[in-house]
Visitor: 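Here's a structure for you.
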2 protein chains.
Amino acid sequence: MILKSQVEWALHCCAILAGLPDGSYLSTKALAELHGLPKEYLSKALQSLSQASLVETTLGPSGGYRLARPSSEISFLDIVEAVEGKARSFTCTNIRENNPCRPAGYCDSKPCAVARVMWEADEAWRNTLRRVRLSDLVDTLSEEVPPDIWRSTFEWVLKRAG
Amino acid sequence: MILKSQVEWALHCCAILAGLPDGSYLSTKALAELHGLPKEYLSKALQSLSQASLVETTLGPSGGYRLARPSSEISFLDIVEAVEGKARSFTCTNIRENNPCRPAGYCDSKPCAVARVMWEADEAWRNTLRRVRLSDLVDTLSEEVPPDIWRSTFEWVLKRAG
DNA sequence: GAATTAAGGATATATGTTATCCGCGAATGG
DNA sequence: CCATTCGCGGATAACATATATCCTTAATTC
């Protein structure tokens, strides 16, 4: 059970977009260069964010991406689910139905007890991600990243933002 | 991010093994028939349980598997990790190191803030699974599965247990 | 000694992830 | 108006992992 690397990419990109001044956009090219990622493939992750309405886009030179709403209203779960999908990590194939001791056509009233536990764990995972906002990440980064790196990074970004 | 179907298989098999009388074993063949699963491939899942010392085995006719300890001392997490591995679902590739604004050779004091959140969610998932014991599953099943199916299933199993 | 079992290696197939390339239409700037 | 820049989506390929089967070996039972 391993998340796509696109999840990591999307989270880092959103953290950068959160620091953009209002009304400006940042292109895939800039985001790819900043993180050392393959531009074409990163583009797929950003398209996922766009389809989930987490970001807005504009075309042409000086076009690119910006957040569709304040970073305090975007959760980790929003971003993770946009890229990874909303499907649960455990899929129940109902193997209890193969039990040869079952009467034919017997119908279960509840989902399988095994699945219920696995889904509960899945919910715990999602709840943790739901409680963390993108703005929390930005706060943490602004505390932990050395001020000179933080500053020069956003100078680098602003030079490329449209 | 999807768990292997072997996780589902292992959990169901352990639930059956938990109902075996002391000292008896149940073979891969019986477990595969009971759940309608491919015998050879299910065998790989059971081997994982064996390597994790969750079950004990014996060879020859009337051989097979039994739990290595009481079902109250085996957690869902034990079984899931035996099959799925203990690696975290999120792997941090440290793309912050690719930031062109970083001084060469700069070393981070902490793991990436993005990774820390993702790992926290992973821990929440694991904690949920850690808190549920195999004996809890058996309790739930014995309440929910209709008594006649429950009984006939274990008659079926006992007929094949060595 | 014959049958049965778990264990593990080798191999094949299917699916999913990672990645690249291309063409389209929209927007920008000259 | 035109060349460039962009997001978007489709097609495709390389690679890894999951799923599945087959076979051999050694241990055990009867």
Side-chain angles (χ1 to χ4, degrees), chain A residues 1-10 13 17 23-33 35-66 68 82-85 87 89-91 93 95 160-162, chain B residues 1-10 13 17 23-33 35-68 80 82-85 87 89-91 93 95 160-162:
Chain A
M1 188 189 56
I2 290 181
L3 292 166
K4 319 189 208 198
S5 53
Q6 286 193 339
V7 170
E8 182 185 14
W9 303 356
C13 287
L17 294 181
S24 71
Y25 295 84
L26 194 62
S27 71
T28 305
K29 181 161 174 282
L31 286 167
E33 278 179 26
H35 296 109
L37 300 174
K39 179 170 98 81
E40 307 276 1
Y41 192 36
L42 173 62
S43 166
K44 304 295 183 184
L46 298 173
Q47 285 174 39
S48 298
L49 296 179
S50 176
Q51 284 178 345
S53 301
L54 298 181
V55 298
E56 291 170 346
T57 67
T58 188
L59 294 176
S62 80
Y65 294 88
R66 72 178 177 197
V83 172
E84 190 69 29
S89 58
F90 180 88
T91 55
T93 62
I95 58 177
R160 287 158 181 84
Chain B
M1 186 187 59
I2 291 180
L3 292 166
K4 317 190 209 195
S5 54
Q6 286 192 339
V7 170
E8 182 185 13
W9 304 355
C13 286
L17 294 181
S24 71
Y25 294 85
L26 194 61
S27 70
T28 305
K29 182 161 175 281
L31 286 166
E33 277 179 26
H35 296 109
L37 301 174
K39 178 171 97 82
E40 307 276 2
Y41 193 35
L42 173 62
S43 166
K44 304 294 183 184
L46 298 173
Q47 284 173 40
S48 297
L49 296 178
S50 176
Q51 284 178 345
S53 301
L54 298 181
V55 298
E56 292 171 345
T57 66
T58 188
L59 295 175
S62 80
Y65 294 88
R66 72 178 177 196
L67 294 185
V80 171
V83 172
E84 191 68 30
S89 58
F90 180 88
T91 54
T93 61
I95 59 178
R160 286 156 181 86

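Scope of the values below: all heavy atoms of this structure, side chains included, with no hydrogens, waters or symmetry mates. In the text below, chain A, chain B and the rest are named by the order of the sequence lines, each starting its count at 1.
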Visitor: Taking CZ from B:Arg66 and C1' from C:dT5, how many angstroms apart are they, rounded to a whole number?
Guide: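 Checked: the CZ to C1' distance equals 15 Å.
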Visitor: Consider the side chain of A:Glu40, meaning its heavy atoms from C-beta on, and name the nucleotide among D:dT19, C:dA10, C:dC22 that approaches it most closely.
Guide: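 Shortest atom-to-atom distance from the side chain points to C:dC22.
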Visitor: In this structure, how many angstroms lie between the P atom of C:dA19 and the CG atom of A:Leu46, rounded?
Guide: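 Computing the A:Leu46:CG to C:dA19:P distance gives 14 Å.
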Visitor: Between C1' on C:dT18 and CG on A:Leu42, what's the gap in Å once rounded to a whole number?
Guide: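 It is 13 Å, rounded to the nearest whole Å.
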Visitor: Looking at C:dA7, I'd like to know if its phosphate oxygens (OP1 or OP2) sit under 4.0 Å from a side-chain N or O belonging to B:Tyr65.
Guide: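 So the side-chain polar atoms of B:Tyr65 do come within 4.0 Å of the phosphate oxygens OP1 or OP2 of C:dA7, strictly under.
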Visitor: Select one nucleotide: of C:dA19, D:dC8, C:dT17, the one nearest the side-chain heavy atoms of A:Trp9.
Guide: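 From the listed options, C:dA19 comes nearest.
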Visitor: I want to verify a distance call: between D:dA20, D:dT28, C:dT17, whose nearest atom is closest to the B:Pro38 side chain?
Guide: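 So the nucleotide nearest the side chain must be D:dA20.
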Visitor: In this structure, how many angstroms lie between the P atom of D:dC6 and the CD atom of A:Gln47, rounded?
Guide: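 Distance check: A:Gln47 CD to D:dC6 P gives 15 Å.
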Visitor: Does A:Lys44 make a side-chain donor-acceptor contact with the base of D:dG7, cut-off 3.5 Å?
Guide: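 Side chain to base: no pair below 3.5 Å.
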Visitor: Between A:Thr58 and A:Tyr41, just flag the one whose closest nucleotide in DNA chain C comes earlier from the 5' side.
Guide: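 That would be A:Tyr41.
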Visitor: Would you say A:Cys13 and A:Leu46 make side-chain contact, with heavy atoms under 4.5 Å?
Guide: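 Result yes, sub-4.5 Å side-chain heavy-atom pair found.
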Visitor: Does a side-chain N or O of A:Thr28 approach OP1 or OP2 of D:dG7 to a distance below 4.0 Å, or not?
Guide: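 Affirmative; the distance criterion is met.
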Visitor: Does B:Thr57 have a side-chain nitrogen or oxygen under 4.0 Å from the phosphate oxygens OP1 or OP2 of C:dA7?
Guide: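 Yes, such a contact exists.
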Visitor: Look at the side-chain N and O atoms of B:Ser5 and state whether any lies under 4.0 Å from the OP1 or OP2 oxygen of D:dT19.
Guide: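 So the side-chain polar atoms of B:Ser5 do come within 4.0 Å of the phosphate oxygens OP1 or OP2 of D:dT19, strictly under.
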Visitor: Any idea which of C:dT18, D:dA27, D:dT19 is nearest the B:Leu59 side chain?
Guide: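 Side chain of B:Leu59 sits closest to D:dA27.
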Visitor: Can you give me the closest heavy-atom contact between B:Thr28 and B:Leu42, atom names plus distance?
Guide: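 Looking at all heavy atoms of both residues, the shortest contact is O-CD2, 4.1 Å.
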Visitor: For B:Gln51 and C:dA7, is the shortest distance between a side-chain N/O and OP1 or OP2 below 4.0 Å?
Guide: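 For B:Gln51, the contact criterion (side-chain N or O under 4.0 Å from OP1 or OP2 of C:dA7) is not met.
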Visitor: Mind listing the closest non-hydrogen atom pair of A:Ala68 and A:Ser53 along with its distance?
Guide: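 So the minimum-distance heavy-atom pair works out to CB-O, 3.5 Å.
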Visitor: Using a heavy-atom cut-off of under 4.0 Å over every strand shown, decide if A:Ser50 touches base, sugar-phosphate, or nothing.
Guide: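 Contact class for A:Ser50: sugar-phosphate only.
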Visitor: Would you say the side chain of B:Glu33 lies within less than 4.5 Å of the side chain of B:Lys29, judging by non-hydrogen atoms?
Guide: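 Of all side-chain heavy-atom pairs linking B:Glu33 with B:Lys29, at least one is under 4.5 Å.
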Visitor: Answer yes or no: is there a side-chain heavy-atom contact under 4.5 Å between A:Lys4 and A:Trp9?
Guide: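 SC-SC contact between A:Lys4 and A:Trp9 ruled out.
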Visitor: Quick one: on DNA chain D, does B:Lys39 or A:Ser27 contact a more 5' nucleotide (nearest heavy atom)?
Guide: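 Whichever sits nearer the 5' end wins; that is A:Ser27.
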Visitor: Which part of the nucleic acid, if any, lies within contact of B:Gly162, taking any heavy atom under 4.0 Å across all strands shown: a base, the sugar-phosphate backbone alone, or nothing?
Guide: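 If one applies the 4.0 Å heavy-atom cut-off, B:Gly162 turns out to touch nothing in the nucleic acid.
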